[in-house]
Amino acid sequence: MYSSATTPTPTATRPALRPPTAAAGRPGPKPVPPASRPVAPRGVEGRATDTRVVPTGRTALGPAGRTALGPNGRTALGLRAPETVLPGAGRMPLARQADGQVLRARRPGQPVGGPERIDPSALQTPAVRAALAGVSRICPAFTPRQVLREGSRHILVAGTIGRAPVVAKCLAPQAVRSDYIEQLVADFHHEVAVYRAFVRHRPPVRLPRLVAADHDRCVLVMERVPGRPAARERHPVNAPTPGEVRALLTAVRTLNLWRPPTDVFQPRLDYQLEIARYHSVGQLTDRDAGDLRGLLHGLGSTPLQFCHGDALLSNMLLAPSGPVLVDWEQAGWHLPGYDLAVLWSVLSGDTAARRQISQLAQSGGTLARDAFLVNLVLVLMREIRLYDVPGAGEEQRIMIRRLYDDAALARRAVRAAVGTR
């Protein structure tokens with residue numbers, strides 16, 4: 001999603017942008033340069049957020065690892081100085097709208113787990129019928145109730161098995177004709193493997209329990225958990241409340257500190273390959289790529305961290321018992337701070353939340369800070385590719401500008417970190 005792959009040079013100052021009032025159209029996929037395997041475009045909501053202006057020349061990290069402060073005592077990154085299991089009760093919330101649309105509208109304020117009625121027309125489309133045929137093979141007692149999502153990648157159908165509410169996730173038939181089918185299938189297989197591993201090695205966070213899975217046909221049936229998404233969009237205009245942000249950060253940090261057996265999960269990101277890929281299309285300059293490789297060289301002996309891998313607010317449910325994490329397709333080992341970098345990239349409208357995230361990233365010391373910065377640059381490059389596409393509307397262009405501003409901040413922070421090594 002990029003009309004130009006070259007990162008613009010930041011100006012001295014940029015005027016603050018007002019938050020938009022409506023979402024722009026969803027961007028379409030864009031070509032990916034040759035790599036080890038193609039990267040499937042993830043659907044996004046083209047909704048813009050506030051742009052936080054930081055004067056050029058203010059660095060995130062000063063000499064000897066100390067923060068360089070601006071006039072308000074904060075750094076550019078917001079830092080202050082210093083297969084069957086019985087399902088449980090409850091309902092799964094509406095799936096995130098990034099990959100399709102919810103086919104049954106809810107009244108504002110209506111809880112996700114509220115009364116439902118069967119929508120025969122939505123359940124009779126060819127794609128949904130094909131998905132239900134796959135579900136019936138592993139769960140003959142599954143009764144469909146509601147189509148939560150019918151997108152180009154996945155189909156989600158809520159239903160019941162006996163009196164237990166569940167949700168079935170299937171690979172959409174359209175995905176079979178996609179250029180990214182190999183990656184989509186590999187990601188689905190990985191998610192099934194993660195849920196099966198969680199049966200034996202339970203993580204210290206709340207997540208839907210596995211009910212049944214068909215690895216070959218890409219079908220996954222899970223417990224339906226009560227709650228609402230922390231955000232409906234990938235880049236939400238309105239951030240969660242401070243209390244909700246603290247709860248979400250606590251859940252993410254609890255997961256990151258978990259140490260499952262090293263042979264159960266695999267690394268999910270080839271950092272050298274990602275740097276080379278973004279460098280080859282011009283998103284990273286020669287200096288950017290060299291700085292990132294320099295930080296990576298210093299992180300060679302740093303232990304990897306177990307991460308959700310796609311810690312968007314739309315993948316976190318605010319349930320009565322606390323946050324619930326869903327969509328585990330990218331779960332695995334990453335450099336420390338990957339989940340924090342994802343959250344930082346989508347919370348542009350919440351300066352306080354970004355400050356908390358930056359403080360958490362720096363609390364682990366210099367190596368943890370460097371790992372967070374490497375993750376942050378690569379995550380922002382990915383977001384720019386998703387949004388910077390020809391034909392973007394005005395609000396999407398505002399978001400693209402904000403992403404480039406964030407990328408410029410991250411680059412300066414990386415250069416300051418390299419200077420302290």
Side-chain angles (χ1 to χ4, degrees), residues 1-11 14 16-33 35 38-54 96-101 151-153 178-180 183 229 231-239 274 277-285 288 309-315 327 330 338 341-350 354 375-411:
M1 298 184 173
Y2 42 89
S3 55
S4 171
T6 304
T7 304
T9 303
T11 56
R14 289 190 176 93
L17 301 176
R18 294 184 178 179
T21 57
R26 289 171 50 204
K30 65 186 305 178
V32 179
V39 177
R42 299 182 67 85
V44 294
E45 292 288 334
R47 185 173 297 210
T49 55
D50 295 338
T51 300
R52 181 162 59 86
V53 176
V54 178
R96 58 190 173 94
Q97 294 172 311
D99 192 32
Q101 63 180 13
S152 59
R153 298 174 65 243
S178 169
D179 294 336
Y180 309 99
Q183 181 184 341
R232 298 285 180 183
E233 305 86 10
R234 188 181 185 91
H235 291 258
V237 174
N238 299 315
E274 289 295 293
R277 190 163 65 91
Y278 291 126
H279 184 212
S280 67
V281 297
Q283 286 187 262
L284 293 176
T285 65
D288 294 332
D310 198 18
L312 303 170
L313 295 177
S314 53
N315 288 338
D327 283 359
Q330 304 302 323
Y338 187 84
V342 173
L343 284 171
W344 194 97
S345 71
V346 300
L347 281 171
S348 61
D350 193 335
R354 280 190 162 184
N375 287 320
L376 183 59
V377 171
L378 295 180
V379 167
L380 288 171
M381 293 302 103
R382 180 191 65 190
E383 295 302 304
I384 289 173
R385 291 179 65 81
L386 289 175
Y387 281 96
D388 193 0
V389 293
E394 178 62 25
E395 293 174 355
Q396 188 169 334
R397 286 195 294 270
I398 294 174
M399 173 171 287
I400 294 168
R401 180 177 177 181
R402 191 271 300 164
L403 288 171
Y404 277 112
D405 288 343
D406 287 344
L409 292 179
R411 283 187 175 93

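Of the possible donor and acceptor atoms, one in the side chain of Asn315 sits under 3.5 Å from a partner among the backbone N and O of Asp310. Checking side-chain atoms of Arg234 against main-chain N and O of Val346 turns up no donor-acceptor pair under 3.5 Å.
In this structure, OH on Tyr338 lies 11.5 Å from CG on Leu343, to the nearest 0.5 angstrom. Residue Trp344 holds its CH2 atom at 4.0 Å from CG of Asp406, rounded to the nearest 0.5 Å.
Taking a cutoff of 4.0 Å between a charged side-chain nitrogen and a carboxylate oxygen, Arg354 and Asp350 do not qualify as a salt bridge.
Here the closest heavy-atom approach between residue Tyr387 and residue Ile400 is recorded as O-CD1, 3.3 Å. Of all the heavy atoms in Ser348 and Arg402, the pair that sits closest is OG-NE, 3.2 Å. Considering all non-hydrogen atoms of both residues, Glu383 and Leu403 come closest at O-CD1, 3.7 Å.
A heavy-atom distance below 4.5 Å is found between the side chains of Leu313 and Leu347. At a threshold of 4.5 Å between non-hydrogen side-chain atoms, the residues Met381 and Asp288 do not count as touching. Between Val377 and Leu284, some side-chain heavy-atom pair lies under the 4.5 Å cut-off.
Not counting sequence neighbours, the partners of Asn375 by the side chain to side chain donor-acceptor pair (under 3.5 Å) test are Tyr271.
Each of Val379, Leu380, Ile384 was compared with Arg382 under the side chain to side chain contact (heavy atoms under 4.5 Å, CB included) criterion, and only Val379 meets it.
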